[in-house]
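These notes concern the structure reproduced below.
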Amino acid sequence: MSWEPVYRLVKKIPRGRVATYGDLARKLRLPGGARAVGYAMAACPSGRGIPWHRVVGAGGRLRIPEPHGSLQRRLLETEGVRVEFGRIDMDRFKWKLKARRAKSKPGKSHPER
DNA sequence: CTAGTGACCCAAC
DNA sequence: GGTTGGGCCACTA
């Protein structure tokens with residue numbers, strides 16, 4: 001499976017901003033959800049300019065284990081993202097997407113199977 | 001096919 | 001604030 005769409009979206013994350021796995025998954029409508037994004041990022045190929053460090057967990061929490069965790073934190077701070085106690089101020093650094101909440105869908109003409 | 005794991009998310013205790 | 005458990009799906013053995 002090609003995670004190209006995921007990488008493409010990640011590459012679109014502006015400097016000094018971060019996005020969450022869940023949001024990216026919703027944006028891309030990935031069947032695997034946040035988990036798929038996590039897997040995609042884990043398999044993230046290097047040398048493609050993919051700012052993987054701008055992808056964080058829900059609530060702006062860093063879910064990446066060592067040693068990449070430290071690297072991610074350093075890179076984020078370098079770009080101007082404040083990382084404190086493994087957390088990020090989503091209020092100021094979250095990348096504002098047009099993602100709509102997958103909430104209720106009234107008048108659905110395609111019910112579950 | 002089943003079972004285990006994972007850079008996830010969320011509710012509940 | 002922390003730990004558990006369920007859900008969700010992709011990938012590997």
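Values in this document were obtained by computation on a predicted structure and should not be read as measured data. Letters A, B, ... are given to chains in the order of the sequence lines, protein chains preceding strands, and every chain is numbered from 1.
Under the 4.5 Å side-chain criterion, counting only non-hydrogen atoms from C-beta, A:Arg63 is not in contact with A:Val56.
With sequence neighbours excluded, the residues that form a salt bridge (charged side-chain N to carboxylate O under 4.0 Å, His left out) with A:Glu79 are A:Arg54. Not counting sequence neighbours, the partners of A:Pro5 by the side-chain contact (heavy atoms from CB on, under 4.5 Å) test are A:Arg8, A:Leu28. Take A:Arg35 and apply the side-chain contact (heavy atoms from CB on, under 4.5 Å) test, not counting sequence neighbours, and it matches no residue. Here A:Ala36 pairs with A:Trp3, A:Leu30 under the side-chain contact (heavy atoms from CB on, under 4.5 Å) rule; sequence neighbours left out. Residues meeting the salt bridge (charged side-chain N to carboxylate O under 4.0 Å, His left out) test with A:Arg15, sequence neighbours left out: none.
Under a hydrophobic-cluster definition in which Ile, Leu, Val, Met, Phe, Trp and Tyr are linked whenever side-chain heavy atoms come within less than 4.5 Å, directly or via other members, A:Val10 and A:Leu62 are assigned to different clusters. Residues A:Val83 and A:Trp52 do not share a hydrophobic cluster, defined by chaining ILVMFWY side chains whose heavy atoms lie under 4.5 Å apart. Taken together through direct or relayed side-chain contacts under 4.5 Å among Ile, Leu, Val, Met, Phe, Trp and Tyr, A:Met90 and A:Val37 form parts of separate hydrophobic clusters. By the rule that hydrophobic residues join a cluster once side-chain heavy atoms approach within less than 4.5 Å of another member, A:Leu9 and A:Met41 end up as members of one cluster. In this structure, A:Leu76 is a member of the same hydrophobic cluster as A:Phe93, with clusters built from ILVMFWY side-chain heavy atoms closer than 4.5 Å.
Only A:Trp52, A:Gly57, A:Ala58, listed by number, bring a heavy atom of residues 44-58 of chain A to less than 4.0 angstrom from any atom of DNA chain B. Of the residues in residues 6-21 of chain A, none has a non-hydrogen atom less than 4.0 angstrom from any atom of DNA chain C. Applying a 4.0 Å cut-off to non-hydrogen atoms, the residues of residues 61-85 of chain A that approach DNA chain B are A:Arg63, A:Ile64, A:Pro65, listed by residue number.
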Practice item. Report the C-alpha distance between A:Val18 and A:Ile13 in whole Å, list the side-chain angles of each, state the deciding distance to 0.1 Å, and finish with yes or no for side chain to side chain contact (heavy atoms under 4.5 Å, CB included). Key: CA-CA 7 Å; A:Val18 295; A:Ile13 303 176; 5.8 Å; no
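Annotation: side chain to side chain donor-acceptor pair (under 3.5 Å) contacts involving residues 81-96 of chain A, sequence neighbours excluded, comprise A:Asp23-A:Lys94.
Looking at A:Tyr7, its side chain never comes within 3.5 Å of a backbone N or O of A:Arg48 through a donor-acceptor pair.
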Exercise for review: Classify every nucleotide of nucleotides 7-13 of chain C by which part a protein heavy atom approaches to under 4.0 Å, writing B for the base, S for the sugar-phosphate alone and - for neither, in 5'-to-3' order.
Suggested key: BBBSS--
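Comparing the P positions of B:dA7 and C:dG7 gives an interatomic distance of 22 Å, to the nearest angstrom.
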Protein-nucleotides 11-13 of chain B N/O pairs under 3.5 Å:
none

With a cut-off of 3.5 Å and sequence neighbours excluded, list every side-chain donor-acceptor pair involving residues 66-73 of chain A.
{"residue": "A:Glu66", "atom": "OE1", "partner": "A:Ser70", "partner atom": "OG", "Å": "2.7"}
{"residue": "A:Gln72", "atom": "NE2", "partner": "A:His53", "partner atom": "O", "Å": "3.0"}
{"residue": "A:Gln72", "atom": "NE2", "partner": "A:Val55", "partner atom": "O", "Å": "3.1"}

